[in-house]
2 protein chains.
Amino acid sequence: MSPKPPKKKLTVKSVASILGVSTATVSNAFNRPDQLSSVLRNKILDECERIGYHGPNPAARSLRTGSTGVVGIMLAEKLAYNFSDPCAIEFLEGVSQILDDARVNMLLMPGREEFYKKTSLESIPDRYIIYGPPKDLPLLDRIERQHKPIISVDFNLENHLSLNIDNYGGAKAAANHVFETTSGPVAVIGLRLSKDADGERINATDLYDPNYSISRQRLNAYLDASKEANRPIGFDYIWDTSKSSWDEGVKAARCALSVSPRPTALLCMSDNLALAALSVAREMGLHVPQELSIVGFDDTPAASVNHPEVTTVYQPSLEKGRLAAKMVLNPENYDSIVLPTELKIRETS
Amino acid sequence: MSPKPPKKKLTVKSVASILGVSTATVSNAFNRPDQLSSVLRNKILDECERIGYHGPNPAARSLRTGSTGVVGIMLAEKLAYNFSDPCAIEFLEGVSQILDDARVNMLLMPGREEFYKKTSLESIPDRYIIYGPPKDLPLLDRIERQHKPIISVDFNLENHLSLNIDNYGGAKAAANHVFETTSGPVAVIGLRLSKDADGERINATDLYDPNYSISRQRLNAYLDASKEANRPIGFDYIWDTSKSSWDEGVKAARCALSVSPRPTALLCMSDNLALAALSVAREMGLHVPQELSIVGFDDTPAASVNHPEVTTVYQPSLEKGRLAAKMVLNPENYDSIVLPTELKIRETS
DNA sequence: TTGAAAGCGCTACCAT
DNA sequence: ATGGTAGCGCTTTCAA
């Protein structure tokens, strides 16, 4: 085997005996500065550093105290999925800004039970941020039964604080704008409107519940605006994608722009989808915005860095993350929150 | 206080007594299927589910077994920084693809000791992936002393497996290409070439060590190519940034393009920097690539989605993440690896 | 300010 | 196939 240094294992006990003090004193030096003189405390800390004892074993500590100092961030699906979603990234960045500063650790957790079999991961955190409606209800149930603080983000969870953005308002503003500035048919490129989205037209029967799905809230806003404008959007002008990727966006946009009569505006439920649609328009030789308006959602950096800059609905993803972290650390200081969204009219509409 | 269900606390012990079996049997049901009949095992598992016992307490388990089933991903600096770097994101996505499938949890850890004071976070993982050279050597030291498997990524760590990409080769190809296709001065927009990069010209004295810094490897390749082409790049044509952000890129590019004689090519050490430079060129009315060639590094999605598409050096970030995860799970099956890079000539050169 | 000791929940050894 | 049980490293109470 690998040659390990034959050093004795370091524990409070062995350290205490090396330093000639009691285990309680060593423990207090690390955990309760007020329980001993600062002279002694510093001496102990220095000595520990010197001999290579870097503080109490976390497992033992948390077994003893019953808490871990970890905030769980429960994401939808696999972690990998979230790392490819700019909004999730910004949200996580915001969360980590606050948690880093509070010296609290964040544990990213996939939203599917099958990942938990081995480790009971879900019982590690002391508090939870749940980002997006989990697909796995039994797992959610298990977490709720632990009676730890929970913040739900982008959906509502009974008896817990929630943090949402104004999806309806933002989408309504986008749709109103499009109905004012174009005169032809308007199509929708949706995102996870139903469980089996695949880049095809939607099927009215199996859409998600609007109380649970931000996409449905956005769709409802589009639809309401279309009624008010007296230019109803038929279901044959609504497409659905399962994720906000370039490929899915291209596929859906190609379909949507092949319909006759061709839409003169595309309401896309994310910037990635809008960007993909833009590229399809270019490849089809359509002039944007003269022949085709394209509107996104989220206002990710890519939207404004692009040329032409994409008209979209801003949502404060970073601030959302920061707020979620603050809320989960101090739930008693907060009520549920709905953050505003804002239409950003730029060059694609 | 909140009204909690007055349920007795569930432990192996209480569960065992409820079910009328021994604690060992309950434990075995969860951990060692081969130690009992599958009939009994299933009965126990079902019953546990029913009464709400969701498996052994992880703290107690890991105190007992001495392992946690967690892989630590040690990142440079704060977590937040990494969430804004497309390469880091792709890398993490790759890591999580493998770790998710292996049902192993990943713990993202900031690379600065100050975040560890409270929790001794660094002793939780069983194995480590260290992504990029840590700024905090004492912390690294503490991790190494734990004698757990470590994979170093994008730098070398003595006595441990490392995973690198061919920075020199990729940068050399990029520079050769630029010297072949342009005839004026060539400038460099570097990334973290020295500790106190701030968007200004570099100061030859305090550059990082090439063995430790991928940027220095790239710079050396640029410089070697320039010598071979007999068109040396002076230090007054080399700029440095502290991070791969739009703002820093814009700042550095504005400086670099104001020099007289103006560069006819910009070798940028990331795609973000190249994209920012592109926007500065546009704002200055410079035609790309006729009057100015711009080359990036990394080949992130943004590079090829952009119009014009950015000439850059591809590095397999996703595959790098997947490999790092595989290596850390099975170090005995691997040697240190250098992944190839590849020049992608597109529209900005 | 210190020392002794109980016990957090679990696993794995040994015995049956 | 199952049961009894020591002890993982720690914190905290109590008494000195």
Side-chain angles (χ1 to χ4, degrees), chain A residues 7-45 47-48 51-70 118-124 126 146, chain B residues 7-45 47-48 51-70 118-124 126 146:
Chain A
K7 218 187 297 183
K8 185 178 190 301
K9 196 188 297 179
L10 292 171
T11 70
V12 268
K13 206 165 164 186
S14 65
V15 165
S17 93
I18 292 173
L19 303 195
V21 298
S22 79
T23 62
T25 305
V26 174
S27 175
N28 284 334
F30 280 98
N31 302 311
R32 310 175 49 175
D34 54 309
Q35 297 295 296
L36 35 43
S37 68
S38 66
V39 177
L40 178 56
R41 178 173 132 93
N42 287 328
K43 184 185 152 234
I44 291 178
L45 259 22
E47 200 64 11
C48 284
I51 65 180
Y53 178 72
H54 299 296
N57 173 317
R61 159 184 278 164
S62 98
L63 173 57
R64 179 61 228 233
T65 62
S67 73
T68 57
V70 169
K118 253 195 195 156
T119 47
S120 289
L121 234 202
E122 83 282 0
S123 53
I124 292 179
D126 296 328
Q146 298 183 87
Chain B
K7 219 187 294 180
K8 184 179 189 305
K9 195 188 298 177
L10 292 170
T11 70
V12 266
K13 205 164 164 185
S14 66
V15 166
S17 93
I18 292 172
L19 302 195
V21 298
S22 79
T23 62
T25 304
V26 175
S27 175
N28 284 334
F30 281 98
N31 303 311
R32 310 176 48 174
D34 53 311
Q35 296 296 299
L36 67 173
S37 69
S38 66
V39 176
L40 178 57
R41 178 172 134 94
N42 287 330
K43 181 181 156 243
I44 289 177
L45 260 22
E47 199 64 12
C48 285
I51 64 182
Y53 178 73
H54 298 298
N57 173 317
R61 160 186 279 166
S62 96
L63 175 58
R64 177 62 229 232
T65 61
S67 75
T68 58
V70 168
K118 256 195 194 155
T119 46
S120 290
L121 235 201
E122 84 280 2
S123 53
I124 293 179
D126 297 328
Q146 298 183 90

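The basis for the numbers below is simple: all heavy atoms, side chains too, and nothing from hydrogens, waters or symmetry mates. Quick caveat, the model's predicted, so the values are computed rather than measured. Proteins come first, then strands; the chains are lettered A, B, ... in the order of their sequence lines, and each starts at number 1.
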Distance col, row A:Arg41:CZ vs A:Thr25:OG1, nearest 0.5 angstrom, shows 13.0 Å

What are the 5'-most and 3'-most nucleotides of DNA chain D lying under 4.0 Å from any heavy atom of chain B?
D:dA1 to D:dG9

A:Pro58 side chain reached by B:Ser123 side chain, heavy atoms, under 4.5 Å
yes

Scan nucleotides 9-16 of chain C nucleotide by nucleotide, 5' to 3', and note B when protein non-hydrogen atoms come under 4.0 Å of the base, S if they reach only the sugar-phosphate, - if neither.
BBBB----

Pairwise side-chain contact, A:Val15 with A:Ile44, heavy-atom cut-off 4.5 Å (strictly under)
no

From B:Ile18 atom CD1 to B:Glu47 atom CD, the distance as rounded to the nearest 0.5 Å:
9.0 Å

First locate atom OG1 of B:Thr65, then atom CG of B:Asp126, and finally report the distance between them rounded to the nearest 0.5 Å.
8.0 Å

CG (A:Leu45) and OG (A:Ser38) are apart, to the nearest 0.5 Å, by 11.0 Å

So how far is it from B:Arg61 CZ to B:Ser67 OG, rounded to the nearest 0.5 Å?
9.0 Å

With rounding to the nearest 0.5 Å, note down the distance linking CZ in B:Arg64 to CG in A:Leu63.
12.5 Å

With a 4.5 Å heavy-atom cut-off, do B:Val21 and B:Val26 have their side chains touching?
yes

Would the distance check show the side chain of A:Thr68 and the main-chain N or O of A:Ser62 forming a donor-acceptor pair, the cut-off being under 3.5 Å?
no

Let me check I have this right: for DNA chain D, each base becomes ., (, ), [, ] or |, based on Watson-Crick or G-U pairs with both distances under 3.5 Å. What is the full string?
||||||||||||||||

